[in-house]
Amino acid sequence: VKWVGVKSSNVSAIMFFAPTSRLYVEFLPSKKFPQGSVYFYKEVPMEVAKQMFNAPSMGKFLHARIKGTYSYEGPFSSRSAPDRQVSEDV
């Protein structure tokens, strides 16, 4: 899985790690997290992850389909996120 940069007002990149069904979301820097932050959402079906990769708006998709539906861990600093260096195809 490789991080895929996205055009979004608050999301920097996303990654799906199929062996653990984790969807990683890297957020752009903010006042609270000046270096950005990463959350990962657990047990996300691959089909849902694919839909997010193709969504016209990452933020809207995240809010409507991911947040509140899947449990998560985070925030992690972008540099210390678990599996940050994973490199395997989706």
With side chain to side chain contact (heavy atoms under 4.5 Å, CB included) as the criterion, how do Met52 and Val44 come out once you've worked through the C-alpha distance, each side chain's angles and the decisive distance to 0.1 Å? CA-CA 11 Å; Met52 182 160 177; Val44 177; over 6 Å; no
Should we count CD of Glu43 as having more than 12 external heavy atoms under 6.0 Å? no
Measuring from atom CZ of Phe27 to atom CE of Met58, what distance do you get when rounded to the nearest 0.5 angstrom? 11.5 Å
Evaluation steps, side chain to side chain contact (heavy atoms under 4.5 Å, CB included), between Met15 and Lys2: CA-CA 6 Å; Met15 175 178 76; Lys2 295 181 182 178; over 6 Å; no
Nearest heavy-atom neighbours spanning Phe16 and Pro45: CZ-C, 4.3 Å
Looking only at heavy atoms, which two atoms of Pro75 and Ser37 are closest? And how far apart? CB-CB, 4.0 Å
Could you state the interatomic distance from CD (Gln35) to OG (Ser30), rounded to the nearest 0.5 Å? 11.0 Å
Report the distance from atom CG of Leu23 to atom OH of Tyr41, rounding to the nearest 0.5 Å. 8.0 Å
Do Leu28 and Phe53 share a hydrophobic cluster, counting only Ile, Leu, Val, Met, Phe, Trp and Tyr and linking them when any side-chain heavy atoms are less than 4.5 Å apart? no
Check the pair Val11, Val25 against side chain to side chain contact (heavy atoms under 4.5 Å, CB included), reporting the backbone distance first and the verdict last. CA-CA 7 Å; Val11 175; Val25 180; 3.9 Å; yes
Correct closest heavy-atom pair for Pro34 and Pro29 would be O-CB, 3.1 Å
Nearest-0.5 Å distance that lies between atom OH in Tyr70 and atom CG in Leu62: 11.5 Å
Quick one: does NZ or CZ of Arg22 land under 6.0 Å from the six-membered ring centre of Phe17, within 45 degrees of the ring axis? no
How long is the gap from OG on Ser8 to NZ on Lys60, to the nearest 0.5 Å? 11.0 Å
Anything under 30° is parallel, anything over 60° is perpendicular, the rest tilted; go ahead and classify Tyr24 against Trp3. perpendicular
The test is side chain to side chain contact (heavy atoms under 4.5 Å, CB included); show your working for Ile14 and Glu26 and say whether it passes. CA-CA 6 Å; Ile14 58 175; Glu26 182 176 50; over 6 Å; no
If the condition is salt bridge (Lys or Arg N to Asp or Glu O under 4.0 Å), which residues does Lys42 pass it with, not counting sequence neighbours? Glu73
Under 6.0 Å between ring centres, would you say that holds for Phe40 and Tyr72? no
